Student: 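Following this message is one structure expressed as C-alpha cells.
Worth saying up front: this structure is predicted, and the values here are computed from it rather than measured. No hydrogens, no waters, no symmetry mates; every other heavy atom, side chains included, goes into these values. First the proteins, then the strands, lettered A, B, ... as listed; each starts at 1.
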Amino acid sequence: MYSKKFGRLILGFCTRCSTSVVNGTPTSTRTTVSWTSVCKHHTQFLEHRSQMGFAHVRIRSASKTTVDPNEVKRFQLLANKWWNEQGNFAALHSMNDLRVPFIRDNLLNAHGGRRPGKPLAGLRILDVGCGGGLLTEPLGRLGADVLGIDPVADSIGTAEVHAWHDPDLRGNVRYRAITLEELSEKGGQGAGQFDAVVASEVVEHLADLETFTLCCNQVLKPGGSLFITTVNKTQLSYALAIVAAEEVLRIVPSGTHDWDKFVSPMELERLLESNGFHVESIRGMLYNPLSGAWSWTESTSINYALHAVKLEEEPNLDEDDPEDPTVIVAQAKARRWYN
Amino acid sequence: MHSLTKTALSFNGIGRRCVALNRFSETRIICRGLTCTAEHGEHEHELYDVIISGGGMVGTAMACSLGLDPNLEGKKILLLEAGNKKVMDKVPDAYSTRVSSISPGSATLLSGVGAWDHIMNMRCKPYQKMQVWDACSDALITFDKENLQDEMAYIVENNIIVAALTKQLENLSDQVRVQYKSKVVKYTWPKSHQVADAIPWVQVTLANGQILQTKLLIGADGPNSMVRREAGIPTVTWNYDQSAVVAVLHLSELSDTESSLVWSTSHRHAEELLQLDEESFVDSINTAFWSNENHSELVETAGSLFRTALSVLMPSAGSARQLPPSVAGIGPKSRIMFPLGMGHASEYIRHRVALIGDAAHRVHPLAGQGANLGFGDVACLTQLLSQAAFNGKDLGAMQHLLEYETERQRHNLPMMAAIDLMKRLYSTNAAPMVVLRTFGLQATNTLPAMKAQIMAFASK
C-alpha cells in the first residue's frame with residue numbers, strides 16, 4: 001500500500017518534470033528512463049528491504065563483461081560536452097578538488113617523497129572509465145604516466161584532442177578505447193603493470209563488479225593502490241543523487257544513474273577484501289549544489305571515496321589455520337580463482 | 001534488454017566498433033586535421049606556463065615569487081620588460097624621489113623571495129611613527145606601535161626595490177627567464193575551450209616579431225595596462241584634479257635627516273611649484289606646514305571644546321605631540337610632478353589572464369598603500385597558483401583565478417574607498433567639513449583600539 005502511494009507520487013512528479021524543456025538529451029529516452037526506472041527501483045528497493053533487512057548483498061553478475069551497452073549509448077551522446085566546466089559535467093570538474101588530492105596524498109604516503117613540481121613522477125596509473133580525461137589530465141600534470149581507458153570511443157577522441165595541445169601532457173598521458181577486461185587479458189600486456197588504478201564514478205555504471213575487481217587485481221602490481229569513488233545505495237542517495245540531482249536541480253544529466261547499480265561501501269569492501277585487496281580507507285563526500293563545491297564529510301550515505309591496496313603476496317594455503325572460517329572462505333575463493 | 005552471452009566477448013567488441021564507426025565522429029577528423037595543419041604552426045611558438053608582462057616592482061616580485069615556489073618547479077616562467085635591466089652596483093648618494101612605504105606584510109614577502117637582505121644592505125629606512133596634521137585646525141592623529149620599538153613600516157626607494165628583486169632573479173635564472181627591451185604589441189586571447197580546433201593559449205606578439213604562447217598571462221604593466229585594455233576589462237577611473245610634486249628634502253634638525261616629500265595639490269599650483277627656485281620652494285613648504293591662515297575661529301573653538309570633552313572621557317589616550325618639521329633645503333634636481341587619479345579594474349581576471357598591482361588598482365599616494373596592495377596581490381596569487389599546481393590543475397583555469405580575484409577585491413576595495421574618502425575629506429576648506437574631520441580625527445586619535453585596527457589593516 002505504501003509502495004503504491006509512493007509510486008503514484010513519483011509518477012506524478014516525473015510526469016511534471018518530463019514536460020519541461022531539456023537541453024541536449026533527447027526527451028523521449030529521458031521520459032522512458034526516468035519514469036519506469038524510478039518506479040521500478042523504488043518497488044524493488046522496498047521489497048528487498050522487507051525481505052533481507054538493510055544489509056542485503058546483491059553483487060551484479062549478469063555477464064562476464066563489465067560494460068553495459070545502454071551506459072555506453074548514454075555517454076556517447078554526451079561525448080563532446082566533457083570539457084565545458086559549467087555544463088553537464090560541472091560537478092565532475094569540481095570533484096577533482098577532492099579526488100586528485102585523495103589519490104596524490106595516498107600515493108605519496110605509499111611511495112615516499114618524490115621530486116617537487118612532479119610529485120607522482122615515475123608512477124604508472126590506469127584511469128578506468130576516464131571519459132573525456134577530466135581526472136586523467138591532472139594526474140598527468142603531477143608527473144604520473146597515465147593510461148586512460150573508456151569503452152566510449154568518442155569520449156576517448158575528445159580526451160585525446162584536449163590533451164594534445166598541452167606539451168606537458170603529450171609525453172605521459174595516453175588514451176585507449178578499450179575495456180578493462182580486454183586490457184587485463186591481452187597477452188599479459190596489462191598484467192601487473194600499474195602502481196595505481198583509479199575508477200572514479202565508474203562502478204555505478206558497470207554490469208559486473210566481480211569481473212571488474214578481478215581485472216583490477218590483475219593489472220595492479222602487488223602493493224598497488226585502487227581508488228574508487230562512487231555513490232552509496234541508500235534512501236538518502238536515492239533522494240539526493242537521483243531525484244534531486246537529476247530531476248530537480250539538473251546537476252547531472254537525467255538518466256545518468258541507475259539506483260539499482262549503486263553499491264554500498266560495506267558491499268564494496270566485502271567484494272574487494274575477498275578478491276585480494278585490503279581496504280585502507282573510506283571517506284564520505286558531499287556536494288553543495290549552491291556553491292558547486294565538494295567537501296569531505298563523516299557520512300558515506302551519498303558519495304564516498306575508497307582506497308584499497310592489493311595484497312602483497314598470494315595467500316599461502318599451508319600456513320593458515322584450517323579452523324578459521326574466514327580463511328576457509330578465502331582459500332575456497334583462491335582455489336576457484338587459480339583453477 | 002541486452003542480449004550478450006558469456007562467450008560473446010569478441011562479438012560484443014565487433015558490435016561496439018560498428019556502432020562507433022557508424023556515428024559521425026567529428027573529433028577523429030579534427031584530430032587528423034590538427035596533426036596535419038596545426039603541427040607546424042604551433043611548434044614554432046614557444047609555450048610558457050606563465051608570462052608576466054611588466055617588470056616593475058610588482059611584476060619582478062611576482063617572477064621571483066613564482067620562481068622560488070617548490071610546487072611550480074619545472075614550470076616555464078617568463079618575465080617581459082620593455083625597458084632596460086635595472087642594475088645597481090653601487091647605491092647612488094643622491095636619494096631618488098620616488099619612494100614607497102613598505103608595510104610589514106610586504107617586507108615579509110620581499111624577505112621570502114630573498115630580496116629584503118639586498119634592500120637592507122642598500123638603503124632603507126624603518127619608521128615607527130606616523131603623524132597626520134590638518135591644515136585647517138589643530139587636529140592631528142598619530143599612529144605608532146607601542147613603545148616605539150617595532151617598526152611600523154619602511155620607506156624604500158623604488159629603484160632600490162627593483163634592483164634588489166632583479167638581483168634575486170639572476171639567482172633563479174634556470175626557473176625564470178627574463179627578456180628585457182621586449183615591448184608587447186599585441187595580445188591574442190584564446191577562444192572558449194569548447195572549440196576543438198583553436199589554439200587554447202594566450203599569444204603574445206613582441207615588437208621584434210617574436211610570438212610567444214602561454215597558459216597564464218599575468219598583467220603587471222602599471223596603471224595604463226595594455227593587458228587590461230586589450231582584454232576589454234572595464235575599469236572605473238577618475239582623475240583627481242590633483243598632481244603630486246615629489247622632492248627630496250633636507251630637514252633642519254639633524255645632519256642625517258633627508259626626507260621624501262609628496263605634495264598633492266591642484267595642477268596649477270603643482271606647475272607653479274615646479275617653476276619656483278629652490279629657496280622659494282622651501283619657503284612654500286614651510287608655509288604649508290606652519291601657517292595658520294586656514295584656521296578659523298569657529299573651527300578652533302569647536303576643536304578645543306571637543307578635545308576637552310574627549311580628555312574627560314578618555315583621559316590617558318593620545319601620545320606625545322610632535323611638531324611639523326622645518327625644511328632647510330631640497331635635493332638637487334629632485335622635483336618632479338605626476339598627475340593623480342584613481343583606477344580600479346572591475347575584474348582582475350579573465351580566462352588565462354590575471355592582473356596584479358597598479359594594472360588592477362591605482363590609488364592616491366596619501367596613504368602610502370599603492371605598492372603594498374600590489375605586493376599583497378603577488379603573495380595571494382602565488383599561493384593560489386602553487387596550490388593549483390599541486391592539484392594538477394591547468395594554471396590558467398578560472399577556478400583559482402576567481403578565488404584570487406575575490407580575495408583581493410575584498411581586501412583592496414575597502415582600502416581604496418577609505419583612501420578616496422580621506423582624499424575628498426581633506427580636499428576642502430569649507431567649515432562644516434573641517435569641523436567634521438577635526439572631530440573625527442581627534443576622536444580616532446583617542447581610541448587606541450581603532451588605531452590598532454587601522455594599522456593592522458594597513459600592515460597586511
Side-chain angles (χ1 to χ4, degrees), chain A residues 62-65 67-70 72-73 76 79-87 93-94 96-97 100-101 103-104 115-121 135 137-144 151-162 164-168 177-179 181-182 185 207 292-293, chain B residues 1-10 12-13 15-17 19-21 23-31 34-35 38-39 42-43 47 49 69-76 175 190 192-194 196-201 213 215 351 387-395 397-400:
Chain A
S63 68
K64 277 299 172 207
T65 172
V67 175
D68 181 346
N70 288 320
V72 171
K73 232 178 281 177
Q76 248 165 9
N80 58 346
K81 300 203 164 81
W82 282 105
W83 284 99
N84 181 356
E85 286 177 32
Q86 276 78 43
H93 277 276
S94 57
N96 276 346
D97 291 338
V100 174
I103 297 169
R104 174 199 75 209
R115 54 190 179 109
K118 299 266 179 213
L120 298 181
L135 181 53
E137 283 198 10
L139 292 175
R141 273 194 208 100
L142 290 176
V152 181
D154 289 334
S155 300
I156 295 289
T158 309
E160 277 174 336
V161 168
H162 195 268
W164 184 85
H165 288 292
D166 191 346
D168 271 349
I178 65 173
T179 63
E181 57 267 22
E182 280 173 8
E185 77 184 24
Chain B
M1 227 165 33
H2 54 88
S3 51
L4 295 170
T5 62
K6 280 187 205 175
T7 54
L9 260 179
S10 53
N12 184 27
R16 231 191 349 272
R17 267 173 229 122
V19 168
L21 281 170
R23 264 187 67 75
F24 179 65
S25 51
E26 310 94 325
T27 47
R28 285 178 190 272
I29 292 172
I30 288 168
C31 205
L34 269 174
T35 333
E39 194 170 336
E42 244 186 61
H43 286 311
L47 176 64
D49 289 287
D69 191 276
N71 288 330
L72 294 167
E73 202 167 304
K75 299 265 187 264
K76 293 174 71 178
Q175 264 93 285
S192 145
H193 43 259
Q194 284 180 293
D197 53 352
I199 295 172
W201 317 123
Q213 293 181 331
K215 296 180 191 172
H351 182 49
Q387 197 54 41
F390 193 47
N391 287 342
K393 288 209 193 124
D394 180 354
L395 287 181
M398 286 291 274
Q399 191 193 355
H400 49 271

Student: To the nearest 0.5 angstrom, please state how far the NE2 atom of A:His165 sits from the CG atom of B:Leu47.
Tutor: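 The CG atom of B:Leu47 is 11.5 Å from NE2 of A:His165, to the nearest 0.5 Å.
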Student: For B:Asn391 versus A:Val100, what's the shortest heavy-atom pair and its separation?
Tutor: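 Nearest heavy atoms, B:Asn391 then A:Val100: O-CG1, 3.3 Å.
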Student: Please examine the side chains of B:Asp394 and A:Asp166, heavy atoms only from C-beta on, and report whether any two atoms are closer than 4.5 Å.
Tutor: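 Side chain of A:Asp166 against side chain of B:Asp394, heavy atoms only: no contact under 4.5 Å found.
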Student: Could you tell me whether a side-chain N or O of A:Arg104 sits under 3.5 Å from a main-chain N or O of B:Phe390, the two making a donor and an acceptor?
Tutor: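 Judged by distance alone, yes, a pair lies under 3.5 Å.
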Student: Applying side-chain hydrogen bond (donor to acceptor under 3.5 Å, both in side chains), name anything that partners B:Gln399, two or more places apart in sequence or on another chain.
Tutor: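 With neighbours one apart ignored, the set is A:Asp97, B:Lys393.
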Student: Which pair of heavy atoms, one from B:Pro70 and one from A:Pro116, lies closest together, and at what distance?
Tutor: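 Heavy atoms only, the tightest pair is O-CB, 3.5 Å.
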Student: Under the rule for salt bridge (Lys or Arg N to Asp or Glu O under 4.0 Å), what residues qualify as partners of B:Asp69, not counting sequence neighbours?
Tutor: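 B:Asp69: no salt bridge (Lys or Arg N to Asp or Glu O under 4.0 Å) contacts found.
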